[in-house]
Amino acid sequence: MAKDGITTRAKDYSQWYLDIVDKAELSEWSPVRGCMVIKPHGYALWELIQQGLDQRIKDTGHQNAYFPLFIPQSFLLREAEHVEGFAPEVALVTHAGGELLAEPLVVRPTSETIIGVTFAKWVHSWRDLPLLINQWANVVRWELRPRPFLRSVEFLWQEGHTVHVDEADAERETLMILKDVYADFVEKVMALPVLRGRKTESEKFPGALRTYSIEAMMQDGKALQAGTSHNLGQNFARSFDIMYTAPDNQQVYGWTTSWGASTRLIGALIMAHSDDDGLVLPPLLAPIQVVVVPIYKTDSERADVLAAVERLTTGWKGRFRFKVDDRSNLTPGFRFSEWEVKGVPIRVEVGPKDVQKGTVAVARRDQPGKEGKRFIPQEGLNDHLEGLLLEIQQALYDRALRFRDEHTFTATTYDELKALVEQGFVRCYFAGGDEEEARIKEETKATVRVIPFDQPEAEGRCIVTGQSTTRQVVFAKSY
RNA sequence: CGGGGAGUAGCGCAGUUGGUAGCGCACAGCGUUUGGGACGCUGGGGUCGCAGGUUCGAAUCCUGUCUCCCCGACCA
């Protein structure tokens with residue numbers, strides 16, 4: 001194990017994560033503290049994430065647009081909670097064109113405010129609604145402790161912004177995005193099961209009425225928020241005068257939502273599936289799904305093998321994302337390892353013996369070593385690979401789900417919570433508010449990740465206050 | 001920003017009373033190799049994080065500063 005200088009998960013989980021990012025060539029730090037260079041392999045992951053989300057966002061009726069990177073500082077000040085929430089992590093441009101600016105410009109930490117000002121101009125009538133807009137953008141938040149993908153000063157994301165006629169429609173949008181866009185994508189494409197639910201008051205987005213999120217479990221038992229969706233109520237509409245004329249000719253404020261998913265998803269992908277040998281990618285998200293490694297000694301073997309590879313891969317374009325690695329200066333073993341570190345789901349080896357016997361060796365990344373490697377007939381290879389990709393996709397999801405189940409507990413007392421939250425998610429009755437949450441965070445480092453949508457029928461006793469409640473929450477440490 | 005550790009070749013490191021920088025990997029060339037990280041020979045590559053100071057002389061001692069990693073407070 002632990003080839004190529006990858007620290008094992010058991011020894012140091014944080015270092016393992018950094019090693020994977022490094023060895024799989026996903027990103028590296030830039031000369032600017034906290035800002036990362038996303039390398040081609042990492043960016044290819046992001047492009048596939050973008051495609052999957054963009055498709056779903058458009059399929060649900062949204063259009064893409066683009067808003068400016070710079071926001072007049074005064075815009076941010078208009079929504080009280082919003083300013084307070086983002087003030088500490090905002091980067092400010094004070095000089096430009098060689099002069100002091102009359103009004104400093106904020107580098108967007110998120111775009112509610114500038115989009116709010118724009119939407120006020122776009123919305124006139126109830127017939128203009130719902131207004132359904134999304135943008136793909138970079139944002140900047142001056143984080144104190146950056147980590148690649150999980151917390152970088154600049155990161156890439158999509159942020160959806162919508163306006164609706166009433167609260168019910170805004171709420172429908174907020175939940176639809178969470179379930180049909182985010183949860184669907186993360187579970188089906190990233191092979192990562194998520195909890196869906198609502199955030200508590202203290203965890204919600206600054207300026208939101210209600211915040212919802214999906215939460216995934218990493219291999220160290222910690223939670224990672226994989227997508228978040230906010231019903232902003234009329235807070236931003238009031239601050240930015242987003243008003244429309246209703247059918248009864250009354251001027252009324254619209255109801256807005258916003259929702260986002262970021263390059264942090266790449267961090268989730270790494271921490272959920274990868275192992276001590278390197279990255280492990282779900283086939284649907286793998287930039288290279290199948291790598292073919294030709295093996296040969298002599299020139300005549302080389303010719304035979306490459307001819308077989310040429311024949312076998314005919315028709316793969318459009319069917320598989322694949323690569324033929326015929327670098328002759330590297331031994332097969334070296335090439336095997338390299339693609340394992342990079343997480344390629346399937347490796348096909350073609351050697352002289354295969355040419356003779358009409359076989360190939362097929363190794364699956366999710367089962368390292370010998371047990372994941374089989375010799376199979378060349379006949380019917382394409383169908384076999386197609387089936388295997390789906391099988392691996394499912395196997396990764398199942399494995400992640402099993403892991404989450406095994407690390408999810410219920411607690412009936414605060415002492416149980418304290419002990420169990422060290423190992424994963426803890427579900428329990430909880431009737432407390434901000435104060436109780438703050439105290440628990442202080443004492444255990446864990447927070448309420450989500451109030452799951454699926455709630456029990458029966459009442460239970462709050463683990464802190466002891467009062468009777470029907471509300472269960474999930475506590476966990478988080479990224 | 002608080003506590004701990006570290007900055008010497010692309011990467012990982014050595015460099016002990018201060019005396020003018022070395023090893024492994026990687027890289028380049030040639031040859032032999034190739035079913036789980038091949039080998040030989042030859043070669044290129046450094047203002048020792050940066051700025052001051054002490055000294056005849058500093059990678060080494062002193063001061064300041066920057067960056068990275070780990071742990072805390074904040075977060076997609």
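These numbers come from a predicted model, not from an experiment. Convention: sequence-line order gives letters A, B, ...; per-chain numbering from 1.
The separation of B:C48 from B:G40, taken at their C1' atoms, amounts to 32 Å, rounded to a whole angstrom. Here, B:C23 and B:G36 have their C1' atoms 28 Å apart, quoted to the whole Å. With both ends at atom C1', the span from B:C1 to B:A73 equals 9 Å, rounded to whole Å. Of the P atoms belonging to B:U65 and B:C74, the separation is 27 Å, rounded to the nearest Å. Across the C1' atoms, B:C70 and B:G52 are found 31 Å apart, a figure rounded to whole Å. For the C1' atom pair drawn from B:G44 and B:U54, the interatomic distance equals 37 Å after rounding to whole Å. Rounded to the nearest Å, the gap between the C1' atom of B:U60 and that of B:G18 is 6 Å. On the C1' atoms, B:U8 is 15 Å away from B:C68, given to the nearest whole Å.
Side chains of A:His41 and A:Lys342 form a contact here, defined as non-hydrogen atoms less than 4.5 Å apart.
Each of A:Thr331 and A:Ile295 was matched to the nucleotide of RNA chain B holding its nearest heavy atom; the match closer to the 5' end belongs to A:Ile295. Residue order along RNA chain B, read from the 5' end via each residue's closest nucleotide, puts A:Tyr296 first among A:Gln225 and A:Tyr296.
Between the side chains of A:Thr7 and A:Asp12, not a single donor N or O lies within less than 3.5 Å of an accepting N or O. Looking only at atom types and distance, the side chain of A:His161 has a donor-acceptor partner in the side chain of A:Glu159 under 3.5 Å away.
B:G37 has no base stacking with the ring of A:Phe336 when judged by centroids under 5.5 angstrom apart and an interplanar angle below 30°.
Counting to the nearest Å, the C1' atom of B:G36 and the NZ atom of A:Lys370 are 8 Å from each other. Note: CH2 (A:Trp142) to P (B:A76) measures 18 Å, nearest angstrom. Between the P atom of B:C11 and the CD1 atom of A:Ile6 lies a distance of 18 Å, rounded to the nearest Å. Going from atom CG of A:Asp304 over to atom C1' of B:U34 covers 16 Å, rounded to whole Å. Taking atom CZ of A:Arg302 as the reference point, atom P of B:U33 lies 15 Å away to the nearest angstrom. Here B:A26 presents its P atom at 13 Å from NZ of A:Lys23, a figure rounded to the nearest Å. If you measure from atom CG of A:Asp325 to atom P of B:G35, you get 14 Å, rounded to the nearest angstrom. Here B:U34 presents its P atom at 9 Å from CD of A:Glu301, a figure rounded to the nearest Å.
Nucleotide B:U67 has B:A6 as its partner under the Watson-Crick or G-U criteria, with both atom distances under 3.5 Å. Nucleotide B:G43 forms a pair with B:C27, judged by Watson-Crick or G-U wobble geometry with both contacts under 3.5 Å. B:G37 is unpaired under the criterion used here, namely a Watson-Crick or G-U wobble arrangement in which both key atom distances are under 3.5 Å. Summarising the base pairing, B:C75 is matched to no nucleotide, lacking a Watson-Crick or G-U wobble pair whose two defining distances lie under 3.5 Å. In this structure B:U55 sits in no base pair that meets the Watson-Crick or G-U test at under 3.5 Å. Nucleotide B:A21 forms no Watson-Crick or G-U wobble pair with any nucleotide shown, as no partner meets the under 3.5 Å limit on both distances.
Counting distance only, with no hydrogens placed and no angle test, the side-chain atoms of A:Arg335 and the base atoms of B:G35 include no donor-acceptor pair under 3.5 Å. Contact annotation: side chain of A:Glu340 to base of B:G36, donor-acceptor pair present below 3.5 Å. Remark: the A:Ser262 side chain and the B:A76 base include a donor-acceptor N/O pair separated by less than 3.5 Å.
Residue contacts shown for A:Gly351 include a base, since a base heavy atom lies under 4.0 Å away. Counting non-hydrogen atoms under 4.0 angstrom, A:Glu349 reaches a base of the nucleic acid. If you check every strand for non-hydrogen atoms under 4.0 Å, A:Ala261 touches nothing. Using a 4.0 Å heavy-atom cutoff across all strands shown, A:Arg327 reaches no nucleic acid atom at all. Residue contacts shown for A:Phe205 are absent, as no nucleic acid heavy atom lies under 4.0 Å away. No engagement by A:Ser30 is indicated, since no non-hydrogen atom pair under 4.0 Å with the nucleic acid exists.
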_Each nucleotide in nucleotides 69-75 of chain B should get exactly one letter: B, S or -. Can you fill that in based on protein heavy atoms under 4.0 Å?_
SSSBBBB
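Ring geometry for A:Phe320 against A:Trp316 counts as perpendicular: the plane angle is over 60°, on a 0 to 90° scale with 30° as the lower cut. Between A:Phe240 and A:Phe236, the ring planes are parallel. Angles under 30° get that label, and only those over 60° would be called perpendicular.
With salt bridges taken as basic N to acidic carboxylate O contacts below 4.0 Å, none links A:Asp19 and A:Lys23. With respect to the salt-bridge test (charged N to carboxylate O, under 4.0 angstrom), the residues A:Glu215 and A:Lys199 qualify. One finds a salt bridge joining A:Arg196 and A:Glu187 here, because a Lys/Arg side-chain nitrogen approaches an Asp/Glu carboxylate oxygen to under 4.0 Å.
Remark: the backbone N or O of A:Ala261 is paired with a side-chain donor or acceptor of A:Gln158 at under 3.5 angstrom.
Residues that satisfy the side chain to side chain contact (heavy atoms under 4.5 Å, CB included) test with A:Ile440, not counting sequence neighbours, are A:Tyr414, A:Leu417, A:Phe430, A:Thr444, A:Val464, A:Phe475.
Checked against B:U34, B:G36, B:G35, the side chain of A:Asp354 finds its nearest nucleotide in B:G35.
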